[in-house]
Protein chains: 2
Amino acid sequence: MLKNSEFVSKLRNSGLRPTKQRLKICEVLFNRDKTFHFTINDLAKNISENFNEKISLATIYNTVHAFKDKGYLKEITISSDKSYFDTNITKHHHFYDEDTNLLIDCNDNEIGKVNIKNNITGKKISSVEVLVRVASDTQNQS
Amino acid sequence: MLKNSEFVSKLRNSGLRPTKQRLKICEVLFNRDKTFHFTINDLAKNISENFNEKISLATIYNTVHAFKDKGYLKEITISSDKSYFDTNITKHHHFYDEDTNLLIDCNDNEIGKVNIKNNITGKKISSVEVLVRVASDTQNQS
DNA sequence: TTAGTAATTTATAATAGTTCTAAACTAAAT
DNA sequence: ATTTAGTTTAGAACTATTATAAATTACTAA
Ligand SMILES: [Mn+2]
Ligand SMILES: [Mn+2]
Ligand SMILES: [Zn+2]
Ligand SMILES: [Zn+2]
């Protein structure tokens with residue numbers, strides 16, 4: 001629930017010029033109560049259907065990647081043919097519903113802390129992500 | 001370390017005809033001591049460089065997917081632009097070295113059991129996968 | 001064996017997500 | 001105002017993957 005002037009500052013502070021396109025994307029992504037997951041295609045469709053503005057696909061890609069680089073979005077990879085982005089940038093895990101293709105955040109009461117006992121020598125852990133795939137109880141095992 | 005006649009049975013038992021191409025792919029994938037991770041491209045290159053046989057890319061895709069469907073391979077998705085396959089079909093987790101783009105299996109002494117306290121109602125867990133991204137200790141935080 | 005058939009392979013086209021290009025446009029600095 | 005560097009854009013290019021449809025091969029049953 002941030003307002004326009006806050007987005008302007010946020011962008012300026014990140015070295016990104018507050019253009020009309022970026023502000024619209026900020027509004028769509030960050031001006032809401034709850035975080036959510038989206039694909040580039042979702043976002044493009046959302047903007048073109050619900051607003052008069054037409055933002056080119058290239059700009060949507062550029063902006064989403066810029067926001068990811070600045071740490072305002074996280075990227076979640078579930079399958080090789082689609083990339084999901086997450087406006088929840090806190091450390092958390094996911095359920096992936098294979099029936100609906102929907103990503104669902106895990107709370108700490110759903111997945112306990114992952115215990116990493118040994119790491120690769122000379123390397124630093126940059127992230128730890130758990131993906132729990134779930135599917136409808138019926139129609140299993142092909 | 002399986003031999004040719006074993007691959008023939010394995011394929012027949014799966015309802016797949018033991019063609020020259022499938023047997024060659026079995027040999028490359030399964031006739032070794034240790035499991036490993038590969039991309040379709042790795043596999044295609046491996047076959048074309050190390051053997052006289054020329055297997056079309058379409059057949060490599062078809063075969064790898066057939067093997068995955070039969071449970072002889074697991075697919076691991078790390079980034080949206082490349083899919084990895086794993087000849088280790090046991091439940092296990094991975095380190096992903098962002099410097100070298102290499103996947104490394106985790107042993108149970110490296111990552112403890114993931115504790116899933118609550119699951120989505122009406123859904124069955126089909127897999128639980130942990131991916132630990134690691135990178136060189138120097139040159140962090142862009 | 002020898003057809004007959006269904007499965008498989010293959011080259012190639014098509015598709016889809018994403019990145020690149022280079023020209024037009026815009027925000028900020030002087 | 002003018003300049004400059006950053007940004008947007010349409011469209012081309014790229015890349016991984018899937019689809020197509022004709023040729024080939026593996027199996028079946030006479
Ligand atoms: Mn793709
Ligand atoms: Mn792609
Ligand atoms: Zn999330
Ligand atoms: Zn593995």
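Lettering follows sequence order; numbering is per chain, from 1. Values below: all heavy atoms of this structure, side chains included; hydrogens, waters and symmetry mates excluded.
In this entry the distance linking CG of B/Asp42 with C1' of D/dA16 reads 13 Å, nearest Å. Distance CD1 (B/Ile47) to P (C/dT10): 10 Å, rounded to an integer number of Å. The CD atom of B/Glu75 sits 8 Å away from the P atom of D/dT18 (whole-angstrom rounding). Whole-Å rounding puts the B/Ile60 CD1 to C/dA11 P distance at 11 Å. Following rounding to the nearest Å, B/Ile40 (CD1) and D/dT15 (C1') show an atom-to-atom distance of 14 Å. Taking atom CG of B/Leu57 as the reference point, atom P of C/dT8 lies 19 Å away to the nearest angstrom. Across the protein-nucleic acid pair, B/Asp69 atom CG and C/dT8 atom C1' stand 16 Å apart, rounded to whole Å. In this structure, B/Asn62 places its CG atom 18 Å from P of D/dT24, rounding to the nearest Å.
Looking at B/Asp42, its side chain never comes within 3.5 Å of a backbone N or O of B/Phe38 through a donor-acceptor pair.
A close approach under 4.0 Å does occur between a side-chain nitrogen or oxygen of B/Thr59 and OP1 or OP2 of C/dT10. OP1 and OP2 of D/dG6 both lie 4.0 Å or more from every side-chain N or O belonging to A/Arg22. In this model, the phosphate group of C/dT18 is approached by a side-chain N or O of A/Tyr61 to a distance below 4.0 Å at OP1 or OP2. Between B/His65 and D/dT18 there is a side-chain N or O to OP1 or OP2 distance below 4.0 Å.
Note that CZ of A/Phe95 and CD1 of A/Ile111 are 5.0 Å apart. Values are rounded to the nearest 0.5 Å. Once rounded to the nearest 0.5 Å, the distance linking OG1 of B/Thr35 with NZ of B/Lys74 reads 10.5 Å. The line from CG of A/Leu43 to OH of A/Tyr61 is 10.5 Å long, rounded to the nearest 0.5 Å.
Nearest to the side-chain atoms of B/Leu16 among the listed nucleotides C/dT18, C/dT8, C/dT10 stands C/dT8. The nucleotide whose nearest atom lies closest to any side-chain atom of A/Gln21 is, among C/dT18, D/dT17, D/dT9, D/dT9.
Look at A/Lys117 and B/Glu110 and you find no salt bridge, because none of the NZ, NE, NH1 or NH2 atoms lies under 4.0 Å from a carboxylate O. Between B/Lys123 and A/Asp99, at least one side-chain nitrogen of the basic residue sits less than 4.0 Å from a carboxylate oxygen of the acidic one, meeting the salt-bridge criterion.
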Nucleotide N/O to protein N/O under 3.5 Å, stretch nucleotides 21-27 of chain C:
{"residue": "C/dA27", "atom": "N3", "partner": "A/Arg17", "partner atom": "NH1", "Å": "3.2"}

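Ring geometry for A/Phe30 versus A/Phe7: interplanar angle of 30 to 60°, hence tilted.
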